[in-house]
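Structure first, commentary second.
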Amino acid sequence: MQTLAVDHPLVAHKLTTLRDVRTDSPTFRRLADELVTLLAYEATRDVRVAEATVQTPLVPAEGVQLASPKPLVVPILRAGLGMLDGMTRLLPTAEVGFLGMIRDEGTLQAQTYATRLPDDLSGRQCYVLDPMLATGGTLAAAIRLLFDRGADDVTAICLLAAPEGLKYLEQAFADISAPIRVVTAAIDSHLNEQGFIMPGLGDAGDRLYGVV
Ligand SMILES: O=P(O)(O)OC[C@H]1O[C@H](OP(=O)(O)OP(=O)(O)O)[C@H](O)[C@@H]1O
Ligand SMILES: O=c1cc[nH]c(=O)[nH]1
Ligand SMILES: [Mg+2]
């Protein structure tokens with residue numbers, strides 16, 4: 001597994017405002033959206049392309065276009081939905097599948113309550129969107145499901161990751177030789193006793209959409 005914490009002053013600036021408890025939901029949503037687009041630029045460095053020739057007004061020009069099959073973007077509901085527009089801004093032709101998952105705040109175990117994905121992901125590059133990688137249980141279950149359906153390359157984009165979650169993913173996918181990448185705006189210090197990322201930004205879903 002490859003982990004990349006994107007080191008860029010604009011990423012750090014936007015993340016600092018996201019963390020701020022005074023940042024309201026509309027601002028939080030806009031910043032998360034902008035941040036994802038910056039992270040997506042790094043996360044798509046290995047997106048597959050095929051050679052293509054176009055005709056300029058003057059001569060033919062050699063270039064590339066996104067290869068087939070198209071990449072699949074998978075936001076993990078609820079909080080991952082706040083990252084979808086920022087991602088599809090860079091990959092407008094990607095297909096989008098959905099996973100609904102919730103972590104039990106007592107046991108910290110992830111449960112899947114909705115799945116809307118292609119049955120066959122053979123040969124597909126997948127981009128999973130989830131702002132918080134805490135214990136790693138949610139992301140591990142999502143990535144496992146994608147590999148079980150045939151995906152052969154998975155990149156997760158997170159706003160924040162905890163060292164505990166990264167370690168958990170490393171161990172969970174020690175058996176997988178296909179590329180797995182985690183791209184994040186920052187790796188924070190640790191998880192607290194309730195499984196929250198410290199210093200973190202609180203509950204990402206609540207900050208995006210309010211407490212339900
Ligand atoms: O790494 P883990 O320990 O599994 O925790 C991370 C998960 O917790 C949050 O979702 P939550 O369960 O709060 O659902 P929500 O998006 O509906 O708020 C977050 O968006 C991740 O999906
Ligand atoms: O810090 C955390 C951990 C899990 N989920 C969140 O939304 N925040
Ligand atoms: Mg939540």
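In listed order, ligands and their atoms are each counted from 1.
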Where is the nearest protein heavy atom to atom 17 (O) of ligand 1: which residue, which atom, and how far? R78 CB, 3.1 Å
Against the six-membered ring of F196, is R103 placed for a cation-pi contact (under 6.0 Å from the centre, within 45° of the normal)? yes
Applying the side chain to side chain contact (heavy atoms under 4.5 Å, CB included) test to L72, which of V96, V154, L121, L91 qualifies? L121
Examine ligand 2 and decide if any of its atoms is less than 4.0 Å from a heavy atom belonging to G200. no
Starting from atom 4 (O) of ligand 1, find the nearest protein heavy-atom neighbour and note its residue, name and distance. T138 OG1, 2.5 Å
Among all protein non-hydrogen atoms, which one is nearest to atom 2 (P) of ligand 1, and what is the separation to 0.1 Å? T135 OG1, 3.4 Å
Note: I102, heavy atoms under 4.0 Å from ligand 1, region reported as both
Ligand-residue contact atoms, ligand 1 with A79, heavy atoms, under 4.0 Å: 16 (O), 20 (O)
Specify whether the nearest protein heavy atom to atom 21 (C) of ligand 1 is under 4.0 angstrom away. yes
So do T155 and V47 actually touch side chain to side chain, heavy atoms under 4.5 Å? no
Counting heavy atoms only, which of R103, M83, M101 is nearest atom 12 (O) of ligand 1? R103
Do the side chains of R30 and D24 get close enough for a salt bridge, i.e. N-O under 4.0 angstrom? no
From atom 6 (C) of ligand 2, work out which of M132, R207, R103 has a heavy atom at the shortest distance. M132
At a 4.0 Å cut-off, with the gap strictly under it, does some heavy atom of P131 reach an atom of ligand 2? no
Under a 4.0 angstrom heavy-atom cut-off, which atoms of ligand 1 come close to G205? 18 (O)
When you group the ILVMFWY residues by side-chain heavy-atom contacts below 4.5 Å and let the links chain together, are L4 and L15 in the same group? yes
Distance-only N or O hit between ligand 2 and I197, under 3.5 Å: yes
Flag the pair M1 / L166 as yes when at least one side-chain heavy-atom distance between them is below 4.5 Å, and no otherwise. yes
Top protein contact for atom 6 (C) of ligand 1, by heavy-atom distance: M132 O, 3.3 Å
Answer yes or no for L108: is there a heavy-atom contact with ligand 1 below 4.0 Å? no
Can you tell me which portion of A110 lies within the under-4.0 Å heavy-atom range of ligand 1? Options are side chain, backbone, both, or neither. neither
Please determine if D130 has a nitrogen or oxygen closer than 3.5 Å to a nitrogen or oxygen of ligand 1. yes
